[in-house]
Amino acid sequence: MTVLSNKLAVELDDQVPGAPVAALEPAAASRSIGASVRAYVALTKPRVIELLLITTIPVMFLAAGGVPPLSTVLLTFAFGWMSAGAANAVNCYIDRDIDAKMRRTRRRPLARAQVTPARALVFGITLAVVSTVGFALAVNLVSAAMSLFAILFYIFVYSLLLKRRTSQNIVWGGIAGCMPVLIGWAAITGGLDWTPLVLFGVVFLWTPPHTWTLAMRYREDYAAVKVPMLPVVASEKRVIVESLVYTYATVACSLALWPVAGTGPVYGVSALVLGAVFLAEGHRLLHAVRAGLTGVHLRPMRFFHLSNVYLALLFTAVAVDPLLR
């Protein structure tokens, strides 16, 4: 409030003498409302949600064997956004003490006191209730149950139990991030099958190397707040070797979808090419650390960004393949 008051005072001083102050109040109020809306949206971590939805909607195309009903897609998109946003908002409430100390997270709304902790918690719980009820009434009970499971798992298992206690936090905590694949399939079919479970495995195996390379970049931050991410408690070489093992497993699992789901050549060729590029980047990291490079000179963020591209393009192939068969 102090910052907003000072800013408004400066803006008032810049006005032409004699201008009515009352005329400026609606604009100031509008800016304040806009800032509040942006803060609450930021609590949901939109960039994280984008990645989750990238894995949800393509699976719906695969489950439908073509273009799924638009209404189902839109409803799943909306309630899926609320579900992930609920978990992220409550996570911001839980991690507000460490978020304020880390470079990567210190601009989050609670760290900057843009939203009170109590309001952030109420906001997250409200989103959780609305998303669960929405899935149950407008989509189906199976998708609602999995959405609720994902929220509770992320909050209680990852955020409260694993994150600050074990270097394997993201391995098992990543299960919550795999649930959108199952939710998307269930939204179309009303149940589950081996196909979405294979894709669940792809996201599960992809998550550790994706997250560990990001944690390598912010190792000092995690160490300062005593979060035992693998790069904090292990050598760079060990982190890279384990990441490469998970990368091989990710590519192998992605190729398993080919016979399991009976996908066509579009998906098969895409999985092969993307997997080769993904593995090549992992081997680049291994070669660099063996050559004696360390820290930023390893360029771990290059692997991190490539992993995002890999997953997005792989799931694009998942969506496109049934349209061309």
Side-chain angles (χ1 to χ4, degrees), residues 47-81 83-84 135 138-140 142-143 146-147 150 174 177-207 209-210 246-282 303-325:
R47 293 183 67 181
V48 175
I49 293 178
E50 288 173 9
L51 190 61
L52 296 178
L53 293 176
I54 281 173
T55 64
T56 306
I57 296 175
V59 174
M60 300 177 76
F61 279 76
L62 186 60
V67 180
L70 179 60
S71 60
T72 305
V73 172
L74 293 176
L75 288 168
T76 303
F77 179 93
F79 295 126
W81 183 91
S83 175
F135 267 122
V139 185
N140 56 51
V142 177
S143 60
M146 288 188 290
S147 172
C178 306
M179 294 304 295
V181 172
L182 304 185
I183 293 170
W185 185 273
I188 297 297
T189 66
L192 294 176
D193 203 338
W194 283 109
T195 295
L197 291 176
V198 171
L199 287 170
F200 178 100
V202 170
V203 181
F204 177 78
L205 295 166
W206 167 90
T207 301
H210 168 77
Y246 272 101
T247 303
Y248 268 101
T250 301
V251 174
C253 195
S254 73
L255 293 173
L257 184 70
W258 202 347
V260 170
T263 53
V266 170
Y267 175 80
V269 172
S270 298
L272 281 170
V273 173
L274 291 169
V277 174
F278 198 21
L279 287 170
E281 182 59 21
F303 183 97
F304 170 78
H305 291 305
L306 180 65
S307 68
N308 281 329
V309 174
Y310 168 82
L311 196 70
L313 292 180
L314 184 73
F315 274 81
T316 298
V318 168
V320 171
D321 189 89
L323 299 178
L324 301 179
R325 275 188 272 163

ask   = What heavy-atom pair brings A138 and F79 nearest, and what distance separates the two atoms?
value = CB-CE1, 3.9 Å

inquiry  = To the closest 0.5 Å, what do you measure between CD (E281) and CG (L306)?
reply    = 5.5 Å

message = Between T189 and D193, is the side chain to side chain contact (heavy atoms under 4.5 Å, CB included) condition met? List the steps.
response = CA-CA 9 Å; T189 66; D193 203 338; over 6 Å; no

remark   = Distance col, row W206:CH2 vs L314:CG, nearest 0.5 angstrom, shows 11.0 Å

pair L52-M179: side-chain heavy atoms closer than 4.5 Å = no

key: Rounded distance [0.5 Å steps], CG in L62 versus CZ in F315   = 9.5 Å

task = Give the intermediate values and the outcome of side chain to side chain contact (heavy atoms under 4.5 Å, CB included) for residues L182 and L197.
result = CA-CA 7 Å; L182 304 185; L197 291 176; 4.1 Å; yes

ask   = Taking the side chain as C-beta and beyond, is there a heavy-atom pair between I57 and T76 under 4.5 Å?
value = no

Heavy-atom side-chain contact between W194 and L257 under 4.5 Å = no

query = Do V198 and C253 have side-chain heavy atoms sitting under 4.5 Å apart?
reply = yes

ask   = Is the closest side-chain heavy-atom distance between N140 and S143 below 4.5 Å?
value = yes

note = Scanning both residues in full, the closest heavy-atom pair of Y267 with S254 reads OH-O, 2.6 Å

message = Between P180 and L53, is there a side-chain heavy-atom distance shorter than 4.5 Å?
response = no

ask   = Could you go step by step and tell me if I54 and L311 meet the side chain to side chain contact (heavy atoms under 4.5 Å, CB included) rule?
value = CA-CA 8 Å; I54 281 173; L311 196 70; 5.5 Å; no

ask   = What heavy-atom pair brings V181 and V59 nearest, and what distance separates the two atoms?
value = O-CG1, 3.5 Å

request  = Take F204 and T250 through the side chain to side chain contact (heavy atoms under 4.5 Å, CB included) test and state the conclusion after the steps.
outcome  = CA-CA 8 Å; F204 177 78; T250 301; over 6 Å; no

query = Looking at H210 and F303, what are the two nearest heavy atoms and their distance?
reply = N-CE2, 4.4 Å

inquiry  = Can you give me the closest heavy-atom contact between M146 and A186, atom names plus distance?
reply    = CE-CB, 3.3 Å

query = Does any non-hydrogen side-chain atom of I183 lie less than 4.5 Å from one of F135?
reply = yes

inquiry  = If I take atom CZ from residue F200 and atom CG from residue L192, how far apart are they, to the nearest 0.5 angstrom?
reply    = 10.5 Å

task = Determine whether T55 and L199 make a side-chain contact, defined as any pair of heavy atoms from C-beta on separated by less than 4.5 Å.
result = no

ask   = Do you know which two heavy atoms are closest between L205 and A249, and how far apart they sit?
value = CD1-O, 3.5 Å

Sidechain-backbone polar pair: W258 side chain, T263 backbone, donor-acceptor under 3.5 Å = yes

ask   = From S307 OG over to Y246 OH, what is the distance, rounded to the nearest 0.5 angstrom?
value = 15.0 Å

query = Is a side-chain donor or acceptor of T207 paired with a backbone partner of V203 at a separation under 3.5 angstrom?
reply = yes

